[in-house]
Protein chains: 2
Amino acid sequence: MTTQQKKYTSEKEYLKGYDIKDYDSFLVTVDVSIFTLVDNELHVLLVKRGDYPQKGKWALPGGFIQQGKDKNLHDAALRKLLEKTGVKTFHLEQVSTFGDAKRDPRGWSISTLYMGLIPHVPTAETSDSIEEAKWWPYEEALRKKMAYDHKKLMQEARERLKAKSGYTVLPMYLLKAPFTLTQLQQAFEELMDTTIEKKSFRRRIQAADLLEEVGEGLPEGGRGRMAALFKPKKGSCRHAFVRRFGSEE
Amino acid sequence: MTTQQKKYTSEKEYLKGYDIKDYDSFLVTVDVSIFTLVDNELHVLLVKRGDYPQKGKWALPGGFIQQGKDKNLHDAALRKLLEKTGVKTFHLEQVSTFGDAKRDPRGWSISTLYMGLIPHVPTAETSDSIEEAKWWPYEEALRKKMAYDHKKLMQEARERLKAKSGYTVLPMYLLKAPFTLTQLQQAFEELMDTTIEKKSFRRRIQAADLLEEVGEGLPEGGRGRMAALFKPKKGSCRHAFVRRFGSEE
DNA sequence: ATATTAAGTGGCATTAAGCCAATAATATTA
DNA sequence: TAATATTATTGGCTTAATGCCACTTAATAT
């Protein structure tokens with residue numbers, strides 16, 4: 001007879017008799033699909049699994065929530081990312097949660113997917129001294145056989161990224177300030193997987209008043225007109241445009 | 001020594017020695033914030049908790065995932081909703097997942113929040129013969145003391161609903177076909193918590209080609225011009241507008 | 001016949017993007 | 001030194017979509 005069936009007269013008494021081990025056990029994890037740009041090409045960070053199940057397969061960084069360490073899901077995602085890859089992100093958001101009886105051979109599994117963005121970091125900063133982690137071009141990662149349903153998770157995160165790039169300033173998180181408008185546009189174009197009319201883009205960004213000019217920098221090809229340099233204004237990350245850009249409607 | 005520490009030579013051998021009970025246990029639940037319109041006012045369905053913890057308090061319908069019954073989260077949400085309230089929804093979508101050490105006194109808890117919409121149903125169909133379930137005006141539910149963090153969950157669902165109503169046809173799910181354009185506009189206005197310019201609304205809906213006309217019906221006040229009646233075209237539920245409506249930007 | 005009510009539409013203004021080309025500013029080459 | 005190539009920035013017209021206010025149409029009640 002479990003606590004559910006016996007009659008209790010107070011919550012205190014109920015909790016006293018409650019034993020969580022009496023109930024179904026679940027595999028409870030977080031997975032992080034973290035993106036950056038390398039030479040204006042979207043890259044995703046994968047780790048090679050060191051243990052069973054699916055030992056040796058590439059996977060999204062993540063893993064089990066540890067009750068002694070993790071106060072909440074977000075903290076768990078940040079900790080797992082750092083632990084598995086050495087990488088720290090300043091933009092992490094929840095995408096969705098996948099839970100079912102079959103996705104993991106060990107049992108009923110529930111995993112909360114996060115996506116993170118970071119500005120490109122030099123290769124040396126990717127921690128190869130921790131579990132084997134590596135940045136892959138996203139298109140290449142798509143062709144890999146990944147552990148579990150992690151390819152599906154990664155694709156889900158990518159779809160979310162693409163959609164949000166049409167009406168938020170999410171791509172801004174892929175750039176280390178300061179940056180030029182050309183670089184910003186290229187980041188938007190890469191995430192949205194489309195080309196954007198230069199005039200339209202610049203007008204939209206300038207109308208939104210998201211950036212402050214911080215100087216001038218050399219043109220990308222080494223010659224040509226100097227470009228203005230910008231950094232985001234405080235609070236600009238929360239901006240949402242009224243119209244979706246690049247819609248194929 | 002757990003399976004994590006011992007060296008295995010194959011996945012089969014690893015799984016053979018794996019015992020899920022060796023690991024942290026979690027409370028794994030789903031919660032459903034389901035909405036309808038009653039007299040053009042947003043209502044939410046709550047259930048009064050029949051057991052500890054928080055016995056007697058109003059809460060969102062939901063509860064523990066049962067591994068023997070639930071193949072995945074979505075199924076669990078549908079089953080729990082029906083079980084607790086007798087209500088069946090044809091539009092249910094995941095909102096977000098809340099997980100932390102403190103939200104439930106029994107242990108580390110993770111709950112996946114879904115939101116659902118149904119066309120208004122007569123009161124008699126709300127199942128009072130199952131657990132005590134009742135439709136509340138959303139504004140009134142906001143003033144109630146609810147169990148756990150369910151008020152926060154309900155608000156999160158509401159915010160999502162409001163946002164998506166600006167660029168999708170979500171409000172259409174609150175109406176039983178056939179409906180008039182005036183009724184559709186009122187549904188949009190209630191969800192978006194704003195007024196919409198009649199001409200703009202009609203033009204936008206007609207341009208999107210979402211509806212098919214199925215006759216005429218009496219005007220709402222009992223006199224005045226007959227209104228055209230519509231039902232959604234197949235596939236119209238996936239429509240996304242390029243511009244957000246009712247933005248205060 | 002007139003007033004009222006509800007649904008539907010006209011048409012101009014405003015906002016935001018699409019498009020193509022032009023200008024400005026720099027380095028390289030002849 | 002002038003011409004050319006390259007990159008960044010802007011001009012200005014067109015197109016698309018909404019905002020706004022008023023108007024017309026169509027029905028019922030008085």
Side-chain angles (χ1 to χ4, degrees), chain A residues 39-40 165-169 171 175 178-189 192 194-231 239-249, chain B residues 39-40 165-169 175 178-189 192 194-230 239-249:
Chain A
D39 296 324
N40 276 327
S165 300
Y167 64 92
T168 68
V169 295
L175 298 173
F179 45 76
T180 69
L181 286 175
T182 301
Q183 287 165 341
L184 186 60
Q185 176 172 346
Q186 282 166 341
F188 270 79
E189 287 181 334
M192 286 164 61
T194 188
T195 59
I196 297 172
E197 171 62 37
K198 186 188 298 199
K199 175 66 176 176
S200 308
F201 179 77
R202 285 167 179 254
R203 194 165 42 201
R204 174 170 162 110
I205 294 298
Q206 269 149 357
D209 197 31
L210 300 167
L211 306 174
E212 59 183 290
E213 194 170 335
V214 292
E216 276 199 325
L218 297 174
E220 272 194 25
R223 59 176 176 165
R225 185 169 166 169
M226 304 277 275
L229 289 174
F230 299 88
K231 68 175 188 179
H239 184 78
F241 297 98
V242 299
R243 178 168 161 160
R244 275 191 295 112
F245 234 18
S247 357
E248 286 102 44
E249 183 84 16
Chain B
D39 297 324
N40 277 327
S165 300
Y167 63 93
T168 68
V169 294
L175 297 173
F179 45 76
T180 69
L181 286 176
T182 301
Q183 287 166 340
L184 186 61
Q185 177 174 345
Q186 284 167 340
F188 270 79
E189 286 181 335
M192 288 166 57
T194 188
T195 58
I196 297 172
E197 172 62 36
K198 187 192 300 198
K199 174 68 177 176
S200 307
F201 180 76
R202 283 165 179 257
R203 195 163 41 200
R204 172 167 162 114
I205 293 298
Q206 269 150 356
D209 196 32
L210 300 167
L211 306 174
E212 58 182 291
E213 195 170 332
V214 292
E216 275 200 326
L218 297 174
E220 274 193 25
R223 59 177 178 158
R225 187 166 163 167
M226 305 277 276
L229 289 174
F230 299 87
H239 184 79
F241 298 99
V242 300
R243 179 168 162 160
R244 274 191 296 114
F245 235 17
S247 356
E248 286 103 43
E249 181 83 14

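First the proteins, then the strands, lettered A, B, ... as listed; each starts at 1. The figures that follow rest on heavy atoms only: side chains count, while hydrogens, waters and symmetry mates do not. All figures in this text were calculated on a predicted structure; none of them were measured in a lab.
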Colleague: Please walk me through it: do A:E220 and A:Q183 pass side chain to side chain contact (heavy atoms under 4.5 Å, CB included)?
Modeller: CA-CA 9 Å; A:E220 272 194 25; A:Q183 287 165 341; 3.3 Å; yes
Colleague: Rounded to the Å, how far apart are A:Q206 CD and C:dT15 P?
Modeller: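 Value for this atom pair: 18 Å.
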Colleague: Measure across B:T180 and B:A227 and return the closest heavy-atom pair with its distance rounded to 0.1 Å.
Modeller: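 Nearest heavy atoms, B:T180 then B:A227: CG2-CB, 3.8 Å.
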Colleague: For B:I196 and D:dC20, give me the distance from atom CD1 to atom C1', rounded to whole Å.
Modeller: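 Computing the B:I196:CD1 to D:dC20:C1' distance gives 15 Å.
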Colleague: Need one value for A:S200: base, sugar-phosphate or nothing, where a base atom within 4.0 Å counts as base even if backbone is also close, heavy atoms only.
Modeller: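 Base: the residue A:S200, judged by heavy atoms under 4.0 Å, touches a nucleobase.
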Colleague: For B:D209, check side chain to side chain donor-acceptor pair (under 3.5 Å) against everything at least two apart and list the hits.
Modeller: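 B:D209: side chain to side chain donor-acceptor pair (under 3.5 Å) contacts with B:K233.
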Colleague: Across the strands shown, which category fits B:A228 at heavy-atom distances under 4.0 angstrom: base, sugar-phosphate, nothing?
Modeller: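 If one applies the 4.0 Å heavy-atom cut-off, B:A228 turns out to touch the sugar-phosphate alone, with no base involved.
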Colleague: Check A:L181 against A:F201 and note the closest heavy-atom contact, atom names and distance.
Modeller: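 In this case the closest contact between A:L181 and A:F201 is O-CE2, 3.9 Å.
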Colleague: What string of B, S and - do you get for nucleotides 23-30 of chain C, 5' to 3', if B is base contact, S is sugar-phosphate-only contact and - is no contact with any protein heavy atom under 4.0 Å?
Modeller: -BBBSS--
Colleague: To the nearest Å, give me how far apart CD (A:E197) and C1' (D:dA16) are.
Modeller: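 That distance rounds to 15 Å.
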Colleague: Would you mind reporting whether B:I196 and B:F188 have side-chain heavy atoms less than 4.5 Å apart?
Modeller: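 When only atoms from C-beta onward are counted, B:I196 and B:F188 do touch, with a gap below 4.5 Å.
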Colleague: Indicate the atoms forming the closest heavy-atom contact of A:P219 with A:G224, along with that distance.
Modeller: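 Closest heavy-atom pair between A:P219 and A:G224: CG-O, 3.3 Å.
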Colleague: Tell me: CZ of B:F241 to C1' of C:dA17, nearest whole Å?
Modeller: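 These atoms are roughly 19 Å apart.
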Colleague: Between P on C:dG18 and CD on A:Q185, what's the gap in Å once rounded to a whole number?
Modeller: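 Rounded to the whole Å, the gap is 11 Å.
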Colleague: Rounded to the nearest angstrom, tell me the gap between atom CG in B:L229 and atom C1' in C:dA7.
Modeller: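 It is 12 Å, rounded to the nearest whole Å.
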Colleague: How would you label the contact of A:E220 with the nucleic acid (heavy atoms, under 4.0 Å): base, sugar-phosphate, or nothing?
Modeller: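 Sugar-phosphate only.
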Colleague: In whole Å, what is the span from the OH atom of A:Y167 to the P atom of C:dA16?
Modeller: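 Answer to the nearest Å: 19 Å.
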Colleague: Base, sugar-phosphate or nothing for A:R204? Non-hydrogen atoms, less than 4.0 Å.
Modeller: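 A:R204: backbone/sugar contact only, no base atoms under 4.0 Å.
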Colleague: Nearest-Å distance, NZ (B:K199) to P (C:dC12)?
Modeller: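 Rounding to the nearest Å, NZ of B:K199 and P of C:dC12 are 12 Å apart.
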Colleague: Compute both the distance and the angle, then confirm whether B:R204 meets the cation-pi test with B:F241: under 6.0 Å from the six-membered ring centre, within 45 degrees of the axis.
Modeller: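 Because its charged atom sits under 6.0 Å from the ring centre and within 45° of the axis, B:R204 does stack over B:F241.
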Colleague: D:dG11 base to A:R203 side chain: any donor-acceptor pair below 3.5 Å?
Modeller: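 Side chain to base: no pair below 3.5 Å.
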